Amino acid sequence: MAKTIHVGTLISGGGTNLQAIIDACSRGSIDAKICFTGSDTPGIKGLERAQRSGIDTFVVDYTKIIRSCKHGIEDADLPPDFDLGEILEKQQLVTPDTPAGTLGGASSDGSMERIAFFLKSRAMAEKKLLDHILAHDIDLLVLAGFMRVLTPYFIDRINTVSGRYKIMNIHPALLPSFPGTDGYGDTFRYGCKVGGCTVHFVDYGEDTGPIIGQRAFEIEAGDTLEDVKRKGLEREWELYPACIQAFADAR
Ligand code: GAR
């Protein structure tokens with residue numbers, strides 16, 4: 001039996017994956033203990049699920065932080081250890097061609113300015129996440145339906161040992177197909193006959209890190225997008241605990 005690993009979780013929504021992991025921990029079917037659940041959005045159902053299981057929760061309200069940035073970002077607002085040049089060099093999330101909408105609220109004048117705004121405002125939110133997360137000694141950070149990209153500012157402060165990934169994500173498509181925010185929708189609209197989900201480690205790109213596990217399912221004639229989501233989520237609930245256990249075993 002592997003040593004029990006300490007896991008932090010981040011969510012943005014209903015938290016059915018979080019519930020599957022909570023249940024796997026309490027059944028003893030994975031060697032993991034959840035230390036906290038953080039969210040970028042107040043009032044979501046996933047936070048209630050965590051609280052019901054006695055897990056500490058916190059919220060960093062991204063929408064509010066990004067809105068406040070629109071009045072301008074002063075150097076004093078940024079985390080003291082934030083280095084824009086370094087983050088620009090490492091990040092693989094946005095390019096000057098990235099459409100303004102994708103950057104979620106960036107100003108529209110000048111592509112470099114938009115990218116800088118994006119990275120600075122996200123790092124301000126990420127610093128607040130880190131203030132909560134780094135108070136715990138976790139082996140693994142699990143993104144369970146967390147709908148924010150993470151910049152190298154955040155990733156480097158979690159992955160402190162070179163070459164050792166500590167952040168896992170679940171994506172609703174068979175990566176590398178259909179990265180982004182609507183994996184099942186994109187799979188369905190493309191007319192795929194097979195859909196699936198992927199658990200991968202998080203690197204500096206969007207949904208690009210090393211793949212840990214995948215589950216596939218058939219999309220049959222007559223299936224609706226709702227059917228695809230249901231089939232996918234059922235696979236996710238099995239896959240995520242299995243991948244967390246694989247991480248615990250590798251330790
Ligand atoms: C899941 O389908 C997960 O794959 C997806 O969000 C949903 C969360 O559901 N994640 C992403 O799209 C990440 N980019 P849940 O809140 O019920 O676990």
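For ligands, and for the atoms within them, numbers begin at 1 and follow the listed sequence. Not measured: the values here are computed from a predicted model.
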Item checked: Residue selection (non-hydrogen contact nearest atom 2 (O) of ligand 1) among Lys45, Glu236, His171, Arg148 -> Glu236

Notebook entry, point to check: Members other than Ile212 in its cluster, when Ile, Leu, Val, Met, Phe, Trp, Tyr link by side-chain heavy atoms under 4.5 Å?
Noted result: Ile5, Val7, Ile11, Leu18, Ile21, Ile22, Ile30, Ile34, Ile44, Leu47, Ile55, Val59, Leu140, Val142, Tyr165, Met168, Ile170, Val199, Phe201, Leu239, Tyr240, Ile244, Phe247

Margin query: Below 3.5 Å, N or O to N or O, backbone or side chain included: is there any such pair between Asn17 and ligand 1?
Written below: yes

Check: For atom 10 (N) of ligand 1, what's the nearest protein heavy atom and its distance?
Finding: Ile170 O, 3.6 Å

Check: If you measure every N/O of Thr16 against every N/O of ligand 1, is any gap under 3.5 Å?
Finding: yes

Next item on the list: Scan His132, Arg49, Gln51 and name whichever one has a side chain to side chain donor-acceptor pair (under 3.5 Å) with Thr57.
Entry: Gln51

Checklist line | Protein residue, atom and distance nearest to atom 12 (O) of ligand 1, heavy-atom basis | finding: Pro172 CD, 3.4 Å

Notebook entry, point to check: What are the two closest heavy atoms between Leu130 and Tyr153, and how far apart are they?
Noted result: CD1-CE2, 3.8 Å

Notebook entry, point to check: Do Glu126 and Thr151 get their side chains close enough for a donor-acceptor pair, meaning under 3.5 Å?
Noted result: yes

Checklist line | The one among Gly15, Gly13, Gly145 that brings a heavy atom closest to atom 16 (O) of ligand 1 | finding: Gly15

Margin query: Under the rule for salt bridge (Lys or Arg N to Asp or Glu O under 4.0 Å), what residues qualify as partners of Lys128, not counting sequence neighbours?
Written below: none

Note to self: Side chains of Ser26 and Asp23: any donor to acceptor distance under 3.5 Å?
What the structure shows: no

Next item on the list: Please assess Lys127 against Arg122 for the test side chain to side chain contact (heavy atoms under 4.5 Å, CB included), listing each intermediate value before the final yes or no.
Entry: CA-CA 9 Å; Lys127 170 73 170 81; Arg122 290 337 179 254; over 6 Å; no

Checklist line | N/O separation below 3.5 Å, Phe146 to ligand 1 | finding: no

Note to self: Suppose we measure from atom 11 (C) of ligand 1 to each protein heavy atom; which comes out shortest, and what is that distance?
What the structure shows: Met147 SD, 3.5 Å

Checklist line | Those atoms of ligand 1 less than 4.0 Å from some heavy atom in Leu233 | finding: 2 (O)

